Structure formats: C-alpha cells, structure tokens
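Report on the structure given below.
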Amino acid sequence: EVQLVESGGGLVQAGESLRLSCTASGFTFENYAIGWFRQAPGLEREGVSCISRSDGRRYYADSVKGRSSVSSDNAKNTVYLQINLLKPEDTGTYYCAIIDSDYPLCSWSTLAFGSWGQGTQVTVSS
C-alpha cells in the first residue's frame with residue numbers, strides 16, 4: 001500500500017520561506033509523478049507543483065512560479081517543495097499525491113492521482 005506523509009508546514013510571516021517534504025513508502029521509488037496541491041478553507045483543491053521522474057519535468061502553478069522549487073531525493077523516497085517569499089494567499093493545507101504507473105506524467109487534475117497524504121498546514125501571516 002502506497003503511503004505519503006507530508007511535513008514541514010507551520011506558521012510563518014509573509015516574505016519568509018518554507019520547505020515541505022513528502023516521504024513515500026509502499027512502492028518502488030523509481031517511476032512516479034508526485035504533485036503538490038493546496039486547499040484553503042472554502043476553496044477547491046488546486047495544483048501547486050508537480051515533478052515527474054518519467055520525463056524529468058517540473059511544473060509550477062502561476063501563483064508560485066518564480067518563487068518555488070520542487071525537487072526529489074530518491075535515496076530518501078522524498079520530494080520537496082520549497083516556497084519562498086510566502087504570501088498570505090499561500091495559506092492552506094498542502095497535500096502531496098502520487099501517480100504510480102508504468103509511465104506517469106504530471107497532471108493538474110486531482111483525479112489523476114491515486115494516493116494522497118494527510119496534508120500539512122501552512123499559515124502565512126501578513
């Protein structure tokens with residue numbers, strides 16, 4: 001069974017940075033696409049970033065492009081999302097999710113992802 005555990009969230013001030021971690025277990029961390037999504041109260045879950053080991057590509061939503069970076073440490077089965085210059089509108093619960101298939105490619109659709117973590121809360125104060 002695939003399991004994902006997020007960590008690294010917290011309460012920060014606007015302008016600061018956070019690095020979120022997503023550690024996976026229960027599958028061979030060789031071929032995957034892992035996406036980061038966030039959800040603010042009352043709003044739909046939205047894609048923030050995605051990394052695919054299949055094609056080596058990384059994707060960022062316009063809202064975080066230029067101030068965020070997604071990376072992976074395959075030896076630790078972990079994907080990271082660093083967001084700099086945090087804004088109050090970055091507040092929300094951040095989830096990682098995985099597409100685990102023969103040739104997984106990134107997607108912005110939550111329906112494409114089969115397993116999700118429990119989320120980590122990020123709160124940015126102004």
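None of these values were measured; they are calculated from a predicted model.
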Practice task
State, to 0.1 Å, how close Val48 and Val64 come at their nearest heavy-atom pair, and which atoms those are.
Solution key: O-CG2, 3.6 Å
Exercise for the section: Answer yes or no: is there a side-chain heavy-atom contact under 4.5 Å between Leu105 and Ile99? Expected result: no
Problem - Heavy-atom donor-acceptor pair, Glu6 side chain to Gln118 backbone, under 3.5 Å - result: yes
Completion exercise
Heavy atoms of Phe113 and Trp116 approach each other most closely as O-NE1, 3.5 Å
Problem - Note, Arg58 side chain near Ser71 side chain (heavy atom, < 4.5 Å) - result: yes
Exercise for the section: Determine whether the side chains of Gln121 and Thr93 contain a donor N or O and an acceptor N or O closer than 3.5 Å. Expected result: yes
Fill in the blank from the handout: Between the CG atom in Leu81 and the SG atom in Cys22, the distance rounded to the nearest 0.5 Å is 10.0 Å
Exercise for the section: State plainly whether one hydrophobic cluster holds both Trp36 and Tyr59, where clusters connect Ile, Leu, Val, Met, Phe, Trp and Tyr through side-chain heavy atoms under 4.5 angstrom apart. Expected result: no
Problem - Donor-acceptor contact present, side-chain Ser126 to main-chain Pro88, <3.5 Å - result: no
Exercise for the section: Would you name the heavy atoms of Gly10 and Leu18 that are closest together and state the gap between them? Expected result: N-CD1, 4.2 Å
Practice task
Output, in order, the C-alpha distance, side-chain angles, deciding distance and verdict of side chain to side chain contact (heavy atoms under 4.5 Å, CB included) for Val12 and Thr123.
Solution key: CA-CA 6 Å; Val12 298; Thr123 303; over 6 Å; no
Exercise for the section: Mark yes or no for whether Ser107, through its side chain, and Ser109, through its backbone, hold a donor-acceptor pair below 3.5 Å. Expected result: yes
Handout entry: Exercise: do Tyr32 and Asn77 side chains pair donor with acceptor under 3.5 Å
Key = no
Fill in the blank from the handout: On a heavy-atom basis, the closest approach of Gly9 and Thr120 is N-OG1, 3.1 Å
Practice task
Nearest 0.5 Å please: distance from the CD atom of Gln3 over to the CD atom of Glu1.
Solution key: 5.0 Å
Practice task
Give a yes or no answer on whether the side chain of Ser115 reaches the backbone of Leu4 with a donor-acceptor pair at less than 3.5 Å.
Solution key: no
Handout entry: Joint hydrophobic cluster, Leu20 plus Ile34, side-chain heavy atoms closer than 4.5 Å
Key = yes
Problem - Asp62 with Lys65: basic N within carboxylate O range, under 4.0 Å - result: yes
Handout entry: Lys NZ or Arg CZ of Arg19 over Tyr80 ring: under 6.0 Å, within 45°
Key = yes
Handout entry: Any side-chain heavy-atom pair of Val70 and Gln82 under 4.5 Å
Key = no
Exercise for the section: Answer yes if the side chains of Arg38 and Tyr94 hold a donor-acceptor pair under 3.5 Å, and no otherwise. Expected result: yes
Problem - Ser72 OG to Arg53 CZ distance, which is reported to the nearest 0.5 Å - result: 7.0 Å
Practice task
Flag the pair Phe37 / Trp108 as yes when their ring centroid distance falls below 6.0 Å, and as no otherwise.
Solution key: no
Handout entry: Side chains of Asp90 and Arg67 in contact at under 4.5 Å (non-hydrogen atoms)
Key = yes
Exercise for the section: State, yes or no, whether a side-chain contact exists between Val122 and Thr91 at a heavy-atom distance under 4.5 Å. Expected result: no
Exercise for the section: Provide the closest heavy-atom pair for Asn31 versus Pro104 in the form atom of the first, atom of the second, distance. Expected result: ND2-CD, 3.6 Å
Practice task
Please check if any side-chain donor atom of Thr23 sits under 3.5 Å from a side-chain acceptor atom of Thr78, or the reverse.
Solution key: yes
